[in-house]
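First the structure, in the form of structure tokens, and then the observations on it.
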Amino acid sequence: MAILELQNVHYTYQNPYQKVEALKGISHSFDTGLVYAIAGSSGSGKTTLLSLMAGLDLPTSGTILCDGVSTAQMKLEQYRREKVAVIYQSFRLFPLLTIAENVMYPMELKGMSPKDARSRAAGLLAQVNLPQTVFNRFPAMLSGGEQQRAAIARALGMDTKILLADEPTGNLDTANSENIFSILENLAHLKGYCVIIVTHNPELVARADQVLRLQDGMIIEHRGDLQ
């Protein structure tokens, strides 16, 4: 069974003045152990799709299933806390917390003791190739690539198997982009995560296991092994 499944997902933005159908019947299954790229021009619906998979809202119609259960049957706050982790282009690290404290934060929210959270945060930061010398620095003291690796470590601290990444290399140079993608690729292929990346980066798209290309709220192209 797929860890995440979209069944005829529609989403409409509506206000008193206009109605915009952003997604028009998206269906696809996502499995662990694979990297997925969602590509498309601005306005194609990819950011809306990522937001729905992240549990920020429910589809206007259709269903999103996580482990076989519809998100409409879950408390979205609990879904966001326990089922998915999101990595953002702008990193979104807390500026007044150290790097270690940023990674500890979701663990402590779940009730882990500060001592255990700090120990686990150190392991996760090492996993994304950050040295101990940066653990007690504030985000502004790190490069963009280092901040994004810290953001990935924080996402891993949430103990979810679904990692959603919104343009994770958008603010990075080529070398750092390669580094970040390699980390995400290893998390999928070696650690069994389901990694879903929204990206404009053609190199990331080329290396993904499966690619969904969106246009006008619909999938117009699919590449990759259907498992």
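The figures here come from the full heavy-atom set of this structure, side chains too, leaving out hydrogens, waters and symmetry mates. Each residue takes its place number in the sequence, starting with 1.
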For Tyr105, look at atom OH and say whether over 12 heavy atoms of other residues, nucleotides or ligands are found less than 6.0 Å away. no

Student check: side-chain heavy atoms of Leu187 and Gln127 closer than 4.5 Å: yes

Taking the side chain as every heavy atom from C-beta outward, state whether His200 and Glu167 have any atom pair closer than 4.5 Å. yes

Those residues that, when tested against Glu203, pass side-chain hydrogen bond (donor to acceptor under 3.5 Å, both in side chains) (two or more places apart): none

Work out which heavy atom in Tyr13 is nearest to a heavy atom in Thr48; give both atom names and the distance. OH-OG1, 2.7 Å

Nearest 0.5 angstrom please: Ile87 CD1 to Leu163 CG, how far? 5.0 Å

Please check if the side chain of Glu108 supplies one atom and the backbone of Ser113 the other of a donor-acceptor pair under 3.5 Å. no

Just checking, is any N or O donor in the side chain of Ser119 or Asp116 under 3.5 Å from an acceptor N or O on the other one? no

Nearest-0.5 Å distance, CG of residue Leu58 to CE of residue Met74: 10.5 Å

Are Val9 and Leu65 grouped together when hydrophobic residues (ILVMFWY) are joined by side-chain heavy atoms under 4.5 angstrom apart? no

With a 3.5 Å distance limit and no angle check, can you tell me whether Lys46 reaches the backbone of Gln215 through a side-chain donor-acceptor pair? no

Under 4.5 Å between side-chain heavy atoms, counting indirect links through other Ile/Leu/Val/Met/Phe/Trp/Tyr residues: same cluster for Leu214 and Leu52 or not? yes

Working note: Ser27 + Leu6, criterion side chain to side chain contact (heavy atoms under 4.5 Å, CB included); need CA distance, chi angles, decisive distance, verdict. CA-CA 5 Å; Ser27 296; Leu6 312 177; 5.5 Å; no

Give, for atom CD of Glu221 and atom CZ of Arg223, the distance between the pair rounded to the nearest 0.5 Å. 8.0 Å

Output all residues satisfying salt bridge (charged side-chain N to carboxylate O under 4.0 Å, His left out) with Arg81, sequence neighbours left out; order by chain, then residue number. Glu77

Side-chain contact, heavy-atom cut-off 4.5 Å: Ile162 with Cys66? yes

Counting distance only, does the side-chain N/O of Thr63 pair as donor-acceptor with the main-chain N or O of Ser70 below 3.5 Å? no

Would you call Phe30 and Ile196 a side-chain contact if the rule is heavy atoms closer than 4.5 Å? yes

Any donor-acceptor N or O pair under 3.5 Å, side chains Gln89, Asp166: no

Minimum heavy-atom separation for Lys161 to Ile3, with atom names? CB-CD1, 3.6 Å

Using 4.0 Å as the upper bound for N to carboxylate O, is an ion pair formed by Lys83 and Asp67? yes

Could you check whether the rings of His222 and His28 sit parallel, tilted or perpendicular, using 30° and 60° as the cut-offs? tilted

Is there a side chain to side chain contact (heavy atoms under 4.5 Å, CB included) between Arg92 and Arg154? Walk through the geometry before answering. CA-CA 10 Å; Arg92 293 201 184 179; Arg154 182 176 63 182; 4.1 Å; yes

Can you name the closest pair of heavy atoms from Ala153 and Leu124 and give their distance? O-CD1, 3.6 Å

Are any non-hydrogen side-chain atoms of Gln7 and Ile64 less than 4.5 angstrom apart? no

Could you give the distance from CZ (Arg80) to CG (Leu164), rounded to the nearest 0.5 Å? 12.5 Å

Are the side chain of Glu5 and the backbone N or O of Ala2 linked by a donor-acceptor pair below 3.5 Å? no

May I have the step-by-step check of side chain to side chain donor-acceptor pair (under 3.5 Å) for Thr160 and Tyr193, ending in yes or no? CA-CA 8 Å; Thr160 70; Tyr193 285 84; over 6 Å; no

Can you confirm whether more than 12 heavy atoms, excluding those of Lys75, are under 6.0 Å from its NZ atom? no

Establish, yes or no, whether the cationic atom of Arg149 lies under 6.0 Å from the six-membered ring centre of Phe91 and within 45° of the ring axis. no

Would you say Ser51 and Tyr11 are linked by a side-chain donor-acceptor pair, where the criterion is simply a distance under 3.5 Å? no

Asp209/His189 under side chain to side chain contact (heavy atoms under 4.5 Å, CB included): CA gap, chis, key distance, verdict: CA-CA 10 Å; Asp209 300 306; His189 296 169; 2.8 Å; yes

Might you work through the side chain to side chain contact (heavy atoms under 4.5 Å, CB included) test for Tyr88 and Leu93, ending with a clear yes or no? CA-CA 10 Å; Tyr88 297 95; Leu93 297 171; over 6 Å; no

Return the minimal non-hydrogen interatomic distance between Ala100 and Ala121, and the atom names on each side. O-CB, 4.0 Å

Please answer: with hydrophobic residues joined when any side-chain heavy atoms are less than 4.5 Å apart, are Met53 and Leu184 in the same cluster? no

Would a hydrophobic clustering, with Ile, Leu, Val, Met, Phe, Trp and Tyr connected at side-chain separations under 4.5 Å, put Met158 with Tyr79? no

Any donor-acceptor pair under 3.5 Å linking the side chain of Ser41 with the backbone of Ser44? no

Between Pro139 and Ile99, the two heavy atoms sitting closest are CA-CD1, 4.0 Å

Side chains of Ile197 and Ile38: does their closest heavy-atom pair fall under 4.5 Å? no

Leu204 side chain near Thr169 side chain, heavy-atom distance below 4.5 Å: yes

For Ala126, what residues pass the side-chain contact (heavy atoms from CB on, under 4.5 Å) criterion, not counting sequence neighbours? none

In this structure, would Ile152 and Val198 fall into the same cluster of hydrophobic residues linked by side-chain contacts under 4.5 Å? no

Are any non-hydrogen side-chain atoms of Gln147 and Val134 less than 4.5 angstrom apart? no

Could you give the distance from CD (Glu185) to CZ (Arg207), rounded to the nearest 0.5 Å? 4.5 Å

Where is the tightest heavy-atom contact between Pro106 and Gly157, given as atom of each residue plus distance? CG-C, 4.4 Å

Assess the side chains of Asn179 and Asn176: does a donor N or O sit below 3.5 Å from an acceptor N or O? no

Arg120 vs Asp159, test: salt bridge (Lys or Arg N to Asp or Glu O under 4.0 Å). Steps then yes/no. CA-CA 11 Å; Arg120 183 150 187 264; Asp159 277 332; 2.8 Å; yes

Distance (rounded to the nearest 0.5 Å) between Met218 CE and Arg213 CZ: 15.0 Å

